Amino acid sequence: MRNTLIHNAVLVNPSLPPEVTRKGWLLMEGGRIHSCGEGEPPPEVRARAEVGIDAEDGILLPGLVNAHTHAAMALFRGLADDLPLKTWLEEIIFPVEARTVSEEFVYWGTLLACWEMIRTGTTTFGNGYFFEHRALDAVKEAGMRAVLAAGVVDFPTPSCRDPSLNVEHAIAFVNQARDEEPVRPGIFCHAPYTCGPETLVKSKEACRAHGVRFFIHCAETRWEVEEIRSRYGTTPVRHLDRLGLLDSDTVLVHGVWVDEEEIRIVAQRECSVVVCTESNMKLASGAPPIVSYLREGVPLGLGTDGPASNNDLDLFGEMDQTAKLQKLREGDPTVVGAAQVLHMASVGGARVLGFHDMGLLEPGYHADLILVRTDRPHMRPLYNPVSQLVYSARGSDVEHVWIGGRHVLQQGRITTLDPEAIQKKTALLQVQVKSHIPER
Ligand SMILES: [Zn+2]
């Protein structure tokens, strides 16, 4: 990894409010941001650089953070669309997963997802799935940063046939992956309706004992709220709170159907919430109350959710849709602006995942950076680079990506993975998956 100097760049630091430098430079050294500034790089900066890149007025910003996905489900992309969540999960996804998900499936599916994420400017992601040790292999090969959380449900899964051992199984992965920086382990309980109280409490206790993040889908659909009410006489957030699961290391995914008191509970317990707009839209689950979460100071990240319910991992589209859906929800075009969603998709998501030196253009922060082209028609003119990133840019506009100072995407070509091999293997696995789609 060489000291790299980028000059002639529009620098966008996604703080709140964001800082924009119209013509600037940035030096990476030892995997971190060494320094950055306005105008031409000074001679002492030039002297330290081993590689120089002319950004040609492209926008340089921190790599995006996909705070919630199920990467290997990239192999289920387009398998079943236009269905309600319950039908989609119970009649298609769960049965096909039971028959096709294997160590090999997770490895190749995660490679496919990493290729897509790097190609579209995501450098870190939060994941929840099965066979996470194989996802770990794929993420290391790709050179990405991630929190990989072992999936837990109270029924047999491809990676844990005996559900009574599900939490032990997850703990084994946490132990295996604890020294694998920049990848960190965690535990992902699928939902309050697929994990009973005992499983939830045991999983959270294990997370506390090991100092790792606890993730759970929560309050995603109206159906879930009614189901939890009928089983436990209360709503999903209150149910998790009564079980003692909510604290600053707990990440609630979705949080769509919550009342104002539940939002205050989430804030008081210092939990984070990951919003997955496109997946919520596609499954008609609803629109999360982002304005209320922000008012209460709840830390927010942005996620695509799995590629089977989105159907891509492009956070640029996710930012755009999130800002627009919130305006529609509130009947107010001034809420959840471009700066807010860019913050959620970068430093906000980084903090939700527990990375506190990532997501800003600050000296000492990880040199996880992306360079976005601005010489395409939809990127011109360039009045406001922040709104351009959110409302005009697409993942395919990302030209260069560095993770920890390593140049992993160079002029649109990935340097860490073999796209041809991934495509060949994906085609083979597609045939296998197709033969297991249940008749409906
Ligand atoms: Zn999910």
Side-chain angles (χ1 to χ4, degrees), residues 65-77 79-81 83-90 92-94 96-97 101 106 109-110 113 116-117 122 124-132 135 146-155 157-159 170 186-195 200 203 213-221 223-225 236-237 240 250-258 271-288 300-315 317-318 321-322 344-345 349 352-353:
V65 178
N66 187 347
H68 176 73
T69 189
H70 315 284
M73 292 181 84
L75 290 170
F76 293 144
R77 188 196 322 268
L79 173 68
D81 300 308
L83 294 170
L85 175 67
K86 199 166 175 292
T87 315
W88 178 77
L89 261 184
E90 292 177 4
I92 308 284
I93 295 297
F94 287 158
V96 176
E97 273 181 338
V101 172
V106 169
T110 308
E116 183 185 357
M117 284 191 271
T122 291
T124 297
F125 66 104
N127 197 58
Y129 210 56
F130 312 116
F131 297 115
E132 285 291 77
V147 177
L148 301 179
V152 171
V153 286
D154 279 340
F155 52 81
T157 67
S159 62
I187 295 180
F188 163 61
C189 283
H190 174 263
Y193 59 91
T194 49
C195 297
L200 293 172
S203 297
R213 285 275 191 279
F214 172 82
F215 299 83
I216 186 164
H217 292 141
C218 179
E220 181 176 3
T221 59
W223 173 84
E224 176 189 334
V225 175
V237 169
L240 300 186
T250 288
V251 180
L252 305 178
V253 178
H254 299 302
V256 175
W257 295 100
V258 290
C271 287
S272 304
V273 172
V274 177
V275 168
C276 301
T277 297
E278 290 188 346
S279 174
N280 292 160
M281 287 168 71
K282 186 160 179 273
L283 295 160
S285 301
L300 296 179
L302 200 59
T304 56
D305 214 342
S309 65
N310 187 301
N311 293 354
D312 63 56
L313 295 163
D314 182 347
L315 276 175
E318 201 70 38
Q321 296 290 296
T322 299
M344 286 166 64
V352 164
L353 294 181

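Both ligands and their constituent atoms are indexed starting at 1 by order of listing. Since this is a predicted model, take the numbers as computed values, not measurements.
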For His70 and Asp305, test the side chains for any donor-to-acceptor distance below 3.5 angstrom and give the result as yes or no.
yes
For the residue pair His217 and Phe188, does the interplanar ring angle fall in the parallel (under 30°), tilted (30 to 60°) or perpendicular (over 60°) class?
perpendicular
With Thr304, which of Asn311, Asn66, Thr122, Asp314 fulfils side chain to side chain donor-acceptor pair (under 3.5 Å)?
Asn66
NZ/NE/NH1/NH2 to OD/OE distance under 4.0 Å, Lys86 and Glu220
no
Under 3.5 Å, is there a donor-acceptor pair between the Asn310 and Glu318 side chains?
yes
So the protein N/O/S atoms within less than 2.8 Å of the Zn ion (ligand 1) come down to His68 NE2, His70 NE2, His217 NE2, Asp305 OD1
If you measure only the distance, is there a donor-acceptor pair under 3.5 Å linking the side chains of Glu97 and Tyr129?
yes
